[in-house]
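Structure, as structure tokens:
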Amino acid sequence: MTWPRREGARIGALVSNAPSIASTPSIRIRTANARSIDPRGDFVLYWMIASRRARHSFALDRAIEHARALGKPLLVLEPLRVGYPFASDRFHRFVLQGMADNAARFAETGVLYHPYVEPEPSAGKGLLAELAARAAVVVTDDYPAFFLPRMVKSAAARLPVLLEQVDSIGLLPMGASDRVFTTAYSFRFFLQKNLKEHLAHRPNPDPLKGLDIPSLAALPKGVAKRWPRASEALLSGDPAALAALPIDHSVPVSHIQGGAAAGEARLREFLKSGLPLYATDRNDPDSDAASGLSPYLHFGHISAHEVFSSLMKREAWRPEQISGVVNGQREGWWGASPEAEAFLDELITWRELGIVMCSHREDYRSFDSLPDWALKTLAKHEGDARPTLYTLAELETASTHDPLWNAAQRQLVTEGRMHNYLRMLWGKKVFEWSRSPREALETLITLNDKHAIDGRDPNSYSGILWVFGRYDRAWGPERPIYGKVRYMSSDNTAKKLKLKGYLARWSGPNGQSAPLNAGE
DNA sequence: ATCGGCTCGCGCAA
DNA sequence: TGCGCGAAGCCGAT
């Protein structure tokens with residue numbers, strides 16, 4: 001293995017350091033430092049940074065287990081920084097809506113929930129340490145991308161007590177595989193052999209119900225004064241409160257409502273009206289078959305386990321229906337309806353393929369992480385003439401000659417999401433219109449990280465790197481710029497899909513190509 | 001609209 | 001070592 005491997009293997013010895021106290025699968029728990037539990041601590045601290053929810057969470061379950069075993073109360077800290085890359089009104093509003101839901105769910109449970117929003121960069125420095133100094137043990141979320149691994153690593157070194165990272169991300173624990181997969185096909189072989197044993201272990205759907213741990217009435221002295229609870233104005237969506245924060249106000253809030261309640265509502269709606277069409281219509285922008293769940297999955301407002309169990313309940317499915325075939329095929333493994341199998345392939349195979357990649361490789365978003373065949377063919381065509389070139393600003397403002405591409409870009413900038421199928425075309429064209437594939441990759445990551453609510457996610461990087469050949473194969477005939485990397489064109493896409501409504505909705509103010517004002 | 005052929009490298013199973 | 005097959009490809013024939 002020549003690529004940079006993540007430190008701290010997710011399998012083997014490190015996992016077994018975790019105190020075995022109850023039912024959270026040990027394969028999902030990693031000790032982040034070598035400290036121990038301090039039985040004199042006043043409470044158990046759950047540092048909620050990725051799975052931002054109060055239900056269906058292994059991390060919350062684990063924190064409660066500690067609290068129960070120690071006879072201590074539980075304090076939940078959900079922070080939101082302002083200094084992270086691309087912090088904007090859009091992402092803040094989404095996370096704040098989640099905080100409002102969490103505040104409602106933790107209220108009157110005896111668990112003290114502290115949502116903290118930084119008023120200025122680094123204002124939150126010291127808060128975690130201050131709380132950890134009084135804690136018996138700290139539990140946090142294990143998340144394999146963006147700045148989170150670095151942040152947890154540096155916190156782990158400083159905290160005086162045991163810090164555990166708990167993986168609540170997917171149906172397959174990150175610790176269940178010790179390798180990455182080059183195609184969805186080969187990952188399916190692995191899932192078909194290994195996933196079943198993990199399906200039996202689910203997070204508690206409602207761990208706050210009938211909770212039998214001591215209550216915590218107040219934060220330690222001085223904490224509330226220096227790091228006060230997020231204001232009601234922020235939690236209730238007051239635009240003025242958001243405007244006062246030092247974040248990027250040029251990326252406006254989306255109409256897509258954040259939070260666990262909105263995510264669960266979206267799930268219900270999808271199962272009712274989207275899923276029946278999913279097998280046939282999910283790629284058509286004009287039909288409404290897509291799940292729309294990725295923003296909620298990204299911020300942890302909804303859990304993959306909850307999506308899975310709601311889906312399978314609707315299917316009246318039982319685990320015995322798994323066929324047992326190990327063939328890498330998309331359909332025929334679960335023994336569920338075709339539309340359910342199609343959706344499960346998205347939710348599990350494709351989503352977790354990227355999670356596994358990020359959890360094992362530090363370079364998951366770098367150009368050099370592409371497969372050899374792609375690097376080779378891209379290098380061969382690096383010098384090809386590129387007749388159409390656009391700058392980042394031209395792309396960001398949807399100012400190209402291509403109405404379909406502009407429409408997709410406008411949807412991204414306006415709504416904070418882009419139709420799933422069009423994302424691929426969108427990426428291929430940026431590749432074609434950039435001076436080099438490396439530059440195209442940077443452009444795509446920037447546009448997506450900045451505007452997409454579900455950006456900065458393992459899945460986003462899967463989709464973007466797919467444009468350059470990751471998880472794909474060589475395709476003939478060899479073409480200029482693309483080489484053997486799969487080619488796509490707007491004309492063919494327009495022929496293949498129903499786009500009338502989509503183009504009408506996302507065309508510019510005065511017709512096809514009027515540029516968008518991105519406010520920069 | 002739907003179909004087959006094009007094309008290639010990988011990873012599974014042996 | 002050989003074989004089967006692949007996230008969304010294209011093209012031309014029917």
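Numbers restart at 1 for each chain; the letters A, B, ... are given by sequence-line order, proteins then strands. If you're wondering where the values come from, they're calculated on a predicted model, not measured in any experiment.
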Residues touching DNA chain C, which here means a heavy atom under 4.0 Å, drawn from residues 419-429 of chain A: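 Per residue number, the list reads Y421(A), M424(A).
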Can you measure [X] atom [atom1] to [N] atom [atom2] for me and round it to whole angstrom units?
X	N	atom1	atom2	answer
E346(A)	dA8(C)	CD	P	12 Å
E331(A)	dA7(C)	CD	P	13 Å
M488(A)	dC10(C)	CE	P	7 Å

Contacts of type side chain to side chain donor-acceptor pair (under 3.5 Å), residue S273(A), not counting sequence neighbours: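 Listed in chain order: E269(A).
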Any protein N or O atoms within reach of nucleotides 11-13 of chain C? Criterion: under 3.5 Å, listing atom names and distances.
| residue | atom | partner | partner atom | Å |
| --- | --- | --- | --- | --- |
| dC11(C) | OP2 | N492(A) | ND2 | 3.4 |

Heavy atoms from other residues, nucleotides or ligands near CG of D368(A) exceed 12 (cutoff 6.0 Å):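 Yes - once you tally the heavy atoms of other residues, nucleotides and ligands closer than 6.0 Å, there are more than 12.
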Pairing pattern in dot-bracket form [Watson-Crick, G-U; both distances under 3.5 Å; | = partner strand] for DNA chain C: ||||||..||||||
Distance-only donor-acceptor check, side chains D61(A) and T24(A), under 3.5 Å: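 No pair is found: no donor N or O on one side chain lies under 3.5 Å from an acceptor on the other.
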Contact summary for L503(A) and A407(A), nearest pair of heavy atoms: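 That would be CD2-CB, 4.0 Å.
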Sole residue of W334(A), Y278(A), F308(A) in ring-ring contact (aromatic ring centres under 6.0 Å, His included) with F343(A):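 Among W334(A), Y278(A), F308(A), the one that satisfies the ring-ring contact (aromatic ring centres under 6.0 Å, His included) with F343(A) is Y278(A).
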Point-to-point distance, once rounded to the nearest 0.5 Å, from NE2 of H305(A) to NE2 of H198(A):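 H305(A) NE2 to H198(A) NE2: 10.0 Å, rounded to 0.5 Å.
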E415(A) and R505(A) ion-paired at < 4.0 Å: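 Looking at E415(A) and R505(A), the cut-off is met.
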Ionic contact status for R351(A) with E346(A), cut-off 4.0 Å: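 Looking at R351(A) together with E346(A), the answer is no, because their closest N to O distance does not fall below 4.0 Å.
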Euclidean distance for P, dC5(C) against dA14(B) (whole angstrom):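 Their P atoms lie roughly 14 Å apart.
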Pairwise C1' distance, dA8(C) and dG11(B) [rounded to whole Å]: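 Comparing C1' positions in dG11(B) and dA8(C) gives a spacing of 22 Å.
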Touch class at under 4.0 angstrom, heavy-atom based, for Q329(A) against every strand present: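 Counting heavy atoms under 4.0 Å across all strands, the contact made by Q329(A) is with sugar-phosphate only.
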Sugar-phosphate, base or nothing in reach of R188(A), heavy atoms under 4.0 Å: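 Sugar-phosphate only.
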Whether Y296(A) and H301(A) hold their rings parallel, tilted or perpendicular, with breakpoints at 30° and 60°: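 Correct class here is tilted.
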Minimum side-chain heavy-atom gap K450(A)-D248(A) below 4.5 Å: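 When only atoms from C-beta onward are counted, D248(A) and K450(A) do touch, with a gap below 4.5 Å.
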Six-ring centre of F147(A), R456(A) cation under 6.0 angstrom, axis tolerance 45°: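 Here R456(A) fails the 6.0 Å and 45° test against F147(A).
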Donor-acceptor under 3.5 Å (Y185(A) side chain, Y471(A) main chain):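 Answer holds: no.
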Footprint string (nucleotides 6-14 of chain B, 5' to 3'): B base within contact, S backbone only, - free, heavy atoms under 4.0 Å: -BBSSSSS-
Under 3.5 Å, which donor-acceptor pairs do the side chains of residues 475-483 of chain A form with other protein atoms, sequence neighbours left out?
| residue | atom | partner | partner atom | Å |
| --- | --- | --- | --- | --- |
| E478(A) | OE2 | K380(A) | NZ | 3.0 |
| E478(A) | OE2 | H381(A) | NE2 | 2.8 |
| Y482(A) | OH | K428(A) | O | 3.1 |
| Y482(A) | OH | E432(A) | OE1 | 2.7 |

